[in-house]
Each structure stands twice: as structure tokens, then as C-alpha cells.
Number of protein chains: 2
Amino acid sequence: MTSRLTPRSGHRPPEAAIRRLLALGDLSDSELDLLRGLGDRREQRTPGEEIAPEGPDAIRPQLIVSGWACRERVLADGRRQIINVLLPGDGIGLRRHPGGELAAVRALTALETIDASCVAEAVCAGRAPGIAGALEAAENLEHLLLLDQLVRLGRQTAYERVAHFLLELQRRLEVVQLGDRQRFPMPLTQEILADALGLSIVHVNRTLQQLRREGLIELHSGVAILLDRDRLADIAECRAVHPRLGAAPPLKPATQPTATPAA
Amino acid sequence: MTSRLTPRSGHRPPEAAIRRLLALGDLSDSELDLLRGLGDRREQRTPGEEIAPEGPDAIRPQLIVSGWACRERVLADGRRQIINVLLPGDGIGLRRHPGGELAAVRALTALETIDASCVAEAVCAGRAPGIAGALEAAENLEHLLLLDQLVRLGRQTAYERVAHFLLELQRRLEVVQLGDRQRFPMPLTQEILADALGLSIVHVNRTLQQLRREGLIELHSGVAILLDRDRLADIAECRAVHPRLGAAPPLKPATQPTATPAA
DNA sequence: CGGGGGTTTGACGAACGTCAATCGGGGTGG
DNA sequence: CCACCCCGATTGACGTTCGTCAAACCCCCG
């Protein structure tokens, strides 16, 4: 039920986190040693377990070693919105929010984390400028993903949302070497997908079927395969940076923005 | 077309920004003087004008003196999602994002801004710790509003979204004394509301009609009146956060299924 | 062999979008 | 002062997307 503490199980370093930080900035040797030296104080969580409630209490800084988590908000009648998904290498509570966390954190799968308090301290004390920079970059990236999520929820169809989300997962997992350009682990249930994408379970299922039927993805036993990344990216409108609102005569009247399920 | 520069029009200090920062943190006298001394280098924008494109270029720090703006993203086929609305007293480009702006900034009404470069400098140089703290609090608040927006788009009905959004505007405008608990300026067209709430214009119109019919709001010539804030808050599921980020976790334990907005 | 969680499918309805026409008010030129 | 006009608000009819309900199915495990 509560997290089990495993004082110094295998002393496996947080590979994913190291890879992620290296991708976001340069780290000195001493910083790398600091990260590799982490390993006592690790915790295991079971799927569905709440790691931290929404509220004013600060969360102890942690890094995800394995497993997936999320930040979420739940309405009074049970509707849930997943704010973002946390993957191996992502941090929890690394950025202290002087008002408490804005959303609850919950394990989505079996989850292993390690305590990163000393990393947070080193960063605060200015003893790890490389890590500090990487964490700042990570925060910017997270903010960007949040805006992507906002556009997904506000202005994209179910079909587009799923494609966009799968591409996001693929990219993030590739950075921490938990997948390649085509294939990656996908342990989320359709219920979780629904809560992340603002859809119902049933509609997520049907949308996935459609993507399968069209030869765009495969989804077996916890593994996703993107069969046609280019077409998916096209559907998802990845990185649409075309400012110009005023006069917009080239609104595509001839194109079918929605690939109708009528197969 | 481009913004007109008005070197020292009336030397009106940015009252709204001062009030907002005072609500977010304590300012020293010298800091207040710094803010009151702003006033040369102001710019006027026309409604619809783009203030800054989405992209890597940094934006000159500015404060909104009057008028409303927004941050937005536009998809290739013209669909637009407004990320958030910027009100008098809000800043633009005050927080430098090392990867550039993540969304375009656009004036929604006639807009007056003043240059706040020297504020940004003072904060960076550590000469304005009070302002720095207030700006950090502002950033946290903005982040919180972003999560609200996410839940709105992902899990709330049109009816709930509109109620929630109006309440957000009321609270934010009250802080800068541009409205009271009931009444505030509302210069947004229904098209803008639609793009902010992820709805169509027509549906926004019908939802507003419904709120009017039920005696919850009035909306005349640029002024909104919330006739029954309590009921609106109930509809919107407000997780109220008011002056300085003081979240209250009144999670209702035994709630009834859905408070359906049955007409 | 039974059971439970996740997935799949069908039928149906509600929420929301689209198209198109009309209305209304404030600004502008005559 | 008035006619005109343009933009935004409003309304109706209709189509699509998506949600809900319910049942069947599947697979892993005890």
C-alpha cells in the first residue's frame, strides 16, 4: 500500500536520469559522480499509488529509475485529467514550488524512485551548475510539453491527439534510450490514455483501432510500434509554427482535416 | 500596422502592474519608485496585432498598462488555441526563456504597454529582491492558471468552462482593481472566447445564453456581471486560490454523481 | 476451472460543430 | 441628421464527434 523502502538494494544508478540530463546540458565529472552515487534510499510504488497529494506540502525530491507516473487533477465527481506523464529519468519535486504542488503525483505502473535530496541541495548551493542548467532546460521542455497538451485538448480531434501523444512518448523515451525511433514500451491502459487525452475509454479504443487499421501503429502487450512516423507527424501537426492570423484566405477548403473513420 | 511608439505621452505609471506585484509580495520604497518611474518607451497596439511571434527570439520585457492580450498557438489549418489571457498588470517577456517563446503573443484589444527592461535588469542584478519575489509568485500563479485551463479543456463541459473562465477573469481583474466582486470589463468577442475555451463561436453563444437565462450572468457592451458567484463557482468546481497562492484542499468525500447542468 | 482486470464491440443519445441567414448597434461619410 | 455598412451577436437546421451503457471477449493467475 505505502511505498516500501529498500535501503540499498542493487545500487543501480539512475541511468535514465543521467542520460536525460546529459541530453539537456553538459555535466562535469564530479556532477556525474554525484548522480552515479545516488542509490541508497530508493522506493518502490505499486500501480495506482499516490506519491504526493495536491497541496501545500513539499515533495521530497526524487528521480524515477523505472516505471511511469503522472501528475493529475481529479474533479469532485470523479472526472480525472492527467496533466502530464512522467517517464524514467524524469524528476519529482525537484523544483520546489513555494505554494505546494499544483497537482497530485501518482504512479501509473510499478515504479522505482531514488531520493535526490542531495542533488537538490547541491544545485541550490551552486555546487552543480551543470545539473542546474540541465534542470532548467528540463523545466522549459516540460513547459513546452504542457502547451502541446493544451493545444491537443483544446483544438485537436481524438485521432490527432492520440497520434500526437504517441509521438511525444516516442521522442521522450528515445532520449533515455528506452526505445528507438519506431518501438518503445507503452504500459498505459486505455483508461489512462483517456484521462490524459480528455477522451472516454471507448473512444480511445476506437481511435487506436483506426490507427491500426490504417497501418500507422501497432500496440501489443506493452509495446508500441510506430509504423509510419511521417504520416503520424503529419496527422499530429507536429510543430506547426506558422504565425499569421489576420487575413487567412488559404484556409484549406479542399482538404479533409479529419480522416473520417469510414474505412 | 506596427506599434506606434509614444515617447512620453502622459507619464502615467503602470498602476495595474504595481497593484498586482503588491498583491504578490512586499515591495520596498525604492522598488516602488522604480516601477512608478517607468513610463517613457510606451507602445500602443491595435486589436489583433501580433506582439511577438512564436519562436526563438527573446521579447523585450513589457508591462501591460491597459488592454488585453493573449498567448496563442495556431495550427496549419487555422485552428487557434489561446493558451492564456494577459490582463493589465501582467508582464510580457519578463521571464526570459532560453529556448525562446513557446507561443505567440497577440493583442486582443487596443493595448498599451510600457518597456520594463530596467525592471528586468534590476531583478537580474539582485537590486530588486521584492520585485523578484513577486515575479516568482506571479509565475507560479500563471502555472496554476495553466493547469486550470488544462482541466477545463480536457474534462469540463462548455457550460462549466465558461463559468470557470469568467470567475478566473473576475478574480484576476479584482486584484488590479479593474472590477469588483460582481462586475468587470469583458472586451473579448465570442470568437476569442471560443478559441480560449476550445469551443466553436456558436456554441459559446448558446452557452452564454443559457447562463443568462438561468440568471447567473449578464453581459452587456463590454461589461460582465456575475449575478450569482456561488452558483457559478459550484458549476465551475472552483478550487479557489485567491490572494497569495493559498490552496485549500476541500476534497469532498461523499459527492453525488454529476451536478448535471440539466436545463 | 473460476475470476478479475483490461479490451473490444454494438446501439444509442448528448454535446458540440458547421452552414447559413438574420439581426443589431455603433461608426462613417454624405 | 440620416443612410449605409460592417462586424459581431444571434438563431435555426442539421451533421459529426464523442460519451454512455451494456455485453462479450481475452488473457493472465490463482
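Just so we're on the same page: letters track the sequence lines, and every chain starts at 1.
Whole-Å rounding puts the Tyr159(B) OH to dA15(C) P distance at 12 Å. The distance between atom CD1 of Ile217(B) and atom C1' of dA9(D), rounded to the nearest whole Å, is 14 Å. With rounding to whole Å, Gln210(B) atom CD is found 16 Å from dT11(D) atom C1'. In this structure, the CG atom of Asp195(A) is 13 Å from the C1' atom of dG19(D), given to the nearest Å. Taking atom CD of Glu160(B) as the reference point, atom C1' of dG19(D) lies 14 Å away to the nearest angstrom. Rounded to whole Å, the distance from CD on Gln209(A) to P on dG10(C) is 10 Å. If you take CG of Leu193(A) and C1' of dT7(C), they are 12 Å apart, rounded to a whole angstrom. What separates CG of Leu197(B) from P of dA15(C) is a distance of 18 Å, to the nearest Å.
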Under 3.5 Å, N/O pairs linking protein and nucleotides 24-27 of chain D:
none

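Side-chain atoms of Arg152(A) and Gln81(B) include no donor-acceptor pair closer than 3.5 Å.
Residues satisfying the side chain to side chain donor-acceptor pair (under 3.5 Å) test with Arg212(B), not counting sequence neighbours, are none. The salt bridge (charged side-chain N to carboxylate O under 4.0 Å, His left out) search around Glu15(B) returns none, not counting sequence neighbours. Evaluation of the side-chain contact (heavy atoms from CB on, under 4.5 Å) rule for Val105(A) yields Ile51(A), Ala52(A), Ile59(A), Arg71(A), Leu86(A), Ile92(A) as partners, not counting sequence neighbours. Every residue meeting the side-chain contact (heavy atoms from CB on, under 4.5 Å) condition with Ala17(A), not counting sequence neighbours, appears here in chain and number order: Pro14(A), Leu63(A). Listed by chain and number, the residues in a side-chain contact (heavy atoms from CB on, under 4.5 Å) with Arg206(A) are Val202(A) (sequence neighbours excluded). Every residue two or more places apart in sequence or in another chain that forms a side chain to side chain donor-acceptor pair (under 3.5 Å) with Asp228(B) is listed here: Arg231(B).
The side chain of Arg212(B) contributes an N or O atom lying less than 4.0 Å from OP1 or OP2 of dT10(D). Not one side-chain nitrogen or oxygen of Asn205(A) sits closer than 4.0 Å to the OP1 or OP2 atom of dT7(C). The phosphate of dT8(C) (OP1 or OP2) has a side-chain N or O of Gln190(A) nearer than 4.0 angstrom.
Nearest-nucleotide mapping onto DNA chain C: of Ala158(B) and Thr189(A), the residue sitting toward the 5' end is Thr189(A).
The pair Glu43(A)-Arg45(A) meets the salt-bridge criterion, since a charged nitrogen lies less than 4.0 angstrom from a carboxylate oxygen. A salt bridge does not link Asp195(B) with Arg79(B): every distance from a Lys NZ or Arg NE/NH1/NH2 to an Asp or Glu carboxylate oxygen is 4.0 Å or more. Taking 4.0 Å as the cut-off between side-chain N and carboxylate O, Glu237(B) and Arg155(B) do not count as a salt-bridged pair.
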*Letter per nucleotide, 5' to 3', of nucleotides 17-22 of chain C [B base touched, S only sugar-phosphate touched, - untouched; heavy atoms, 4.0 Å]*: SBB---
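In this structure the side chain of Trp68(B) reaches within 4.5 angstrom of the side chain of Leu173(B), judged on heavy atoms. Residues Arg172(A) and Leu145(A) form a side-chain contact, since some pair of their non-hydrogen atoms from C-beta on lies under 4.5 Å apart.
Taken over five-pair windows at either terminus, the axes of the helix from dC1(C)-dG30(D) to dG30(C)-dC1(D) are inclined to one another by 30° (rounded to 10 degrees).
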Show me, pair by pair, the donor-acceptor contacts under 3.5 angstrom made by side chains of residues 215-222 of chain B, not counting sequence neighbours?
residue, atom, partner, partner atom, Å
Glu218(B), OE1, His220(B), NE2, 3.3

Show the atom names and distances, to 0.1 Å, of all donor-acceptor pairs under 3.5 Å that link a side chain in residues 182-193 of chain A to residues at least two apart or in another chain.
residue, atom, partner, partner atom, Å
Thr189(A), OG1, Glu191(A), N, 3.4
Thr189(A), OG1, Ile192(A), N, 3.2
Gln190(A), OE1, Asn205(A), ND2, 3.0

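Contacts with DNA chain D (heavy atom under 4.0 Å) in residues 103-111 of chain A: none are found.
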